[in-house]
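Worksheet: the structure to be examined is printed underneath.
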Amino acid sequence: MPSVSPPAPDAVDVDNEGAGNGVKQIKRIVLLPFENLSNNPEAPRIILELIKERLENGSRISVVSPEEVEEFLVKRRIRYTGGVTRLNIREMGKLLNADAVLAGSILLYTGWETNNKGAVQDSSAVSVGLAARLINTRDGEILWADAVSYAGNDFAGLLGIGAISSVDELSRRAVTVFFKDLDNGFSERNISLPPFEVAEVYSLNPSARAGEAIGIKVKILPIMEEAATVRAVMADQNITLEREEDNIYEGVLRVPQEEGVHTFDIIAMDKSKKEYVAGAAGKIIVDNTAPVLTLNLSRRMFASKKKDFILFTPKLKSIDDVEEWIIEIVDGKGKKVRKDKGFNSLPKGLIWKGETDKGFFVDDGEYTYRFIVRDIAGNETVMSDIVTVKNTPPALKVEVTLEDNKIIFNLTKEEKDAIKSWKLTMLDKGGKTIKIFSGEGVLPEKVEYPLADDFDMTSISYSIMATDEVGNAFNLTSLIPSRLFRKIPFAEARKSNSSNSLEDF
């Protein structure tokens, strides 16, 4: 919470009992529930009843009823006294008509277990420990604080006489001794404090780019009166904030050019035109730099119908608070086929299986991805490239010719097809392998197989297989074209024919 201080030397003179001598006597306090650090769940109730009795009877200090305190804590959703703020304490002073708040902790409360069992209690096994502080409701100043612990035999005199073996009696004695300082009362300084409290100050955008307009909100709660005017001041900017509902004041500041953290003051004026300054009450972070990231892809081409996919793995390399990320897949015509988004942090990985937003597989082709990351200041980084969906096998053309007593296989493919591996197998009439040609990566333009003089051309066939980068396969099995036989001279054809019969031509 920002501290609010009036500009010296013009202190505001507020109504205060004892203003002539600069002090105000503490007469009524709020007794908050003590934090219980002991093992006895009943310890807070026992101790607080003893403290209330001690204060009201011994110190002539009245205590606000527990019901009023409970109602105040419930309305403000205060679940433990450690969460009480200076604003809460000032509100207690006004709403509960209290001069101070007493808060504390029960550090020890041992010996009650044995007492409950009815056994004779050893005074050395009985102990009570307390810590407490008295807080001024005008400015949150700690007027008094102390901590102490007692064991039963601490009060023993000569020959052990006077030792206390009951934890209940020890608690009463400890409270009596612990709070004896309050018997003479306490006084608080007559100082000038603002009649209102700056409760919250925040900007609508925690980070922004230079030159933008950014909204700010300030919540000022009235303690004794409401603020007449409220201004925000940063460098050369001095703007008056407009009051909205629930004591909220709003306005707009222009974001400075220089990157970094810039603070602004809140100045509130009371009815007497006295100004109170909350220095560096709010801040604006100027961020002009786009996020720096990397995006790794598991592959650039995949066959979606083979249940393949592309894994996108983004990683943020700069210190940025991510507001939003978006990934888009666009086809060759510029139409978005797939989109996803998220907030606050980058995903560990994104998988695209080649489907559209409606769950259908996209057609084969090239697709452009756009991965967009936007930080909370609005800076944006876009990473884009092309990926390919390919489910069709390579398109190969095979031509078989006969030259110089060699069988020539001329191989051609579509220009866009990249071949990962290929294999050409020559087979005899019974399907037995005669020869295998194979390779990786580059498809040869032709494959040659020399013929022996006694080779039977009519019994040969071939099989060719080629796979692309994603595993799509081209397969072809065929006989050697019979038209090639007519290109062989008649005498040579006879050599390769096992029959002695004559052929008409």
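- Put simply, the side chain of Ser304 never gets that close to the backbone of Phe361: no donor and acceptor are under 3.5 Å apart.
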**Request:** Give the C-alpha distance, both sets of side-chain angles, the deciding distance and a yes or no for side chain to side chain donor-acceptor pair (under 3.5 Å) between Ser463 and Thr425.
**Result:** CA-CA 5 Å; Ser463 174; Thr425 305; 5.5 Å; no
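- Aromatic ring centres of Tyr449 and Phe409: separated by at least 6.0 Å.
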**Request:** Using the side chain to side chain contact (heavy atoms under 4.5 Å, CB included) rule, take Ile214 and Val252 through it: C-alpha gap first, then chi angles, then the decisive distance, then the call.
**Result:** CA-CA 5 Å; Ile214 188 169; Val252 176; 6.0 Å; no
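- The side chain to side chain donor-acceptor pair (under 3.5 Å) search around Glu328 returns Lys336, Arg370, not counting sequence neighbours.
- Here the OG atom belonging to Ser65 is positioned 10.5 Å from the CD atom belonging to Glu70, to the nearest 0.5 angstrom.
- The minimum heavy-atom distance linking Ile284 with Phe264 is given by the pair CG1-CE2, 4.1 Å.
- Of the possible donor and acceptor atoms, one in the side chain of Ser38 sits under 3.5 Å from a partner among the backbone N and O of Asn40.
- A donor-acceptor distance shorter than 3.5 angstrom exists from the side chain of Asp331 to the backbone of Lys333, with no hydrogens or angles considered.
- One finds no salt bridge joining Asp99 and Arg28 here, because no Lys/Arg side-chain nitrogen approaches an Asp/Glu carboxylate oxygen to under 4.0 Å.
- Put simply, the side chain of Pro314 reaches to within 4.5 Å of the side chain of Pro347, judged on heavy atoms.
- Looking at every heavy atom in both residues, Glu440 comes nearest to Trp422 through N-NE1, 4.3 Å.
- To the nearest 0.5 Å, the span separating CD1 on Ile464 from OG on Ser438 amounts to 11.0 Å.
- Here the CZ atom belonging to Arg86 is positioned 10.5 Å from the CG atom belonging to Asn136, to the nearest 0.5 angstrom.
- Remark: side-chain polar atoms of Asn36 are not paired, donor with acceptor, to backbone N or O of Pro44 under 3.5 angstrom.
- Under a 3.5 Å cut-off, the side chain of Asn472 and the backbone N or O of Pro394 do not form any donor-acceptor pair.
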**Message:** Please evaluate residues Arg231 and Glu275 with respect to the criterion salt bridge (charged side-chain N to carboxylate O under 4.0 Å, His left out), reporting the C-alpha separation (whole Å), side-chain torsions for both, the decisive distance (0.1 Å), and the verdict.
**Reply:** CA-CA 10 Å; Arg231 292 181 291 120; Glu275 291 186 339; 2.6 Å; yes
**Request:** Quick one: do Asp364 and Lys390 satisfy salt bridge (charged side-chain N to carboxylate O under 4.0 Å, His left out)? Show the steps, please.
**Result:** CA-CA 5 Å; Asp364 284 11; Lys390 189 174 186 298; over 6 Å; no
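- Here Glu380 contributes atom CD and Glu323 contributes atom CD; the two are 10.5 Å apart, rounded to the nearest 0.5 Å.
- The two residues Leu253 and Met234 make their nearest non-hydrogen contact at CD1-CE, 4.2 Å.
- Put simply, the side chain of Ser203 gets close to the backbone of Asn205: a donor and an acceptor are under 3.5 Å apart.
- Between the side chain of Thr388 and the backbone N or O of Glu366, no donor-acceptor pair lies under 3.5 Å.
- Counting heavy atoms from C-beta outward, Arg299 and Met301 have side chains that stay 4.5 Å or more apart.
- With rounding to the nearest 0.5 angstrom, the CD1 atom of Ile407 is 4.5 Å from the CE atom of Met426.
- Taking all atoms of both residues into account, the shortest heavy-atom contact from Val101 to Met92 is CG2-SD, 3.8 Å.
- Exactly one residue among Thr313, Ile351, Leu311, Asp308 makes a side-chain contact (heavy atoms from CB on, under 4.5 Å) with Ser298. That residue is Leu311.
- The pair Glu324-Lys341 meets the salt-bridge criterion, with a side-chain N (NZ, NE, NH1 or NH2) lying under 4.0 Å from an Asp/Glu carboxylate O.
- In this structure, the side chain of Thr433 does not engage the main chain of Lys435 through any donor-acceptor pair within 3.5 Å.
- When side chains are defined from C-beta on, Asp363 does not count as touching Val389, because their heavy atoms never get closer than 4.5 Å.
- Between the side chain of Glu250 and the backbone N or O of Lys217, no donor-acceptor pair lies under 3.5 Å.
- Annotation: the span from Lys413 atom NZ to Asp468 atom CG amounts to 10.5 Å, rounded to 0.5 Å.
- Salt bridge absent: Glu226 and Lys271 never bring a charged side-chain N and a carboxylate O closer than 4.0 Å.
- Of all the heavy atoms in Phe34 and Leu31, the pair that sits closest is CE1-CD1, 4.0 Å.
- Side-chain contact between Val230 and Ile220 is present, with at least one heavy-atom pair separated by less than 4.5 Å.
- In the displayed structure, Phe309 atom CZ is contacted under 6.0 Å by at most 12 heavy atoms of other residues, nucleotides or ligands.
- Looking at Pro222 and Asn247, their side chains come closer than 4.5 Å, going by heavy atoms from C-beta outward.
- Using modelled atom types, one side-chain atom of Thr356 and one backbone atom of Phe360 make a donor-acceptor pair closer than 3.5 Å.
- Classified by interplanar angle (parallel below 30°, tilted 30° to 60°, perpendicular above 60°), the ring pair Phe178/Trp144 is tilted.
- Within the 4.5 Å cutoff, the side chain of Val69 has heavy atoms near those of the Leu32 side chain.
- Within the 4.5 Å cutoff, the side chain of Asp320 has no heavy atoms near those of the Ile376 side chain.
- With contacts defined as side-chain heavy-atom distances shorter than 4.5 Å, the pair Glu259/Asp287 qualifies.
- Taking each heavy atom of Leu295 and Phe371 in turn, the nearest pair found is CD2-CB, 3.7 Å.
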**Request:** Could you walk me through whether Tyr462 and Leu427 pass the side chain to side chain contact (heavy atoms under 4.5 Å, CB included) test, one step at a time?
**Result:** CA-CA 6 Å; Tyr462 68 93; Leu427 307 166; over 6 Å; no
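- Salt bridge annotation for Glu212-Arg209: present, with a cationic side-chain nitrogen under 4.0 angstrom from a carboxylate oxygen.
- A ring-ring contact (aromatic ring centres under 6.0 Å, His included) check over residues 285-305, counting only residues at least two apart or in different chains, returns the pairs Phe302-Trp352.
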**Request:** Decide yes or no on side chain to side chain contact (heavy atoms under 4.5 Å, CB included) for Leu108 and Leu37, but give the supporting numbers first.
**Result:** CA-CA 7 Å; Leu108 294 169; Leu37 302 179; over 6 Å; no
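- Ion pairing between Lys420 and Glu469 fails under the 4.0 Å rule for side-chain N and carboxylate O.
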**Prompt:** Run the side chain to side chain contact (heavy atoms under 4.5 Å, CB included) check on Val322 and Leu316 step by step: do they pass?
**Reply:** CA-CA 9 Å; Val322 174; Leu316 193 64; 4.0 Å; yes
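- Using a 4.0 Å cut-off between charged side-chain N and carboxylate O, Asp385 and Arg300 make a salt bridge.
- Listed by chain and number, the residues in a side chain to side chain donor-acceptor pair (under 3.5 Å) with Lys75 are Glu71 (sequence neighbours excluded).
- Using a 4.0 Å cut-off between charged nitrogen and carboxylate oxygen, Glu42 and Arg45 count as a salt-bridge pair.
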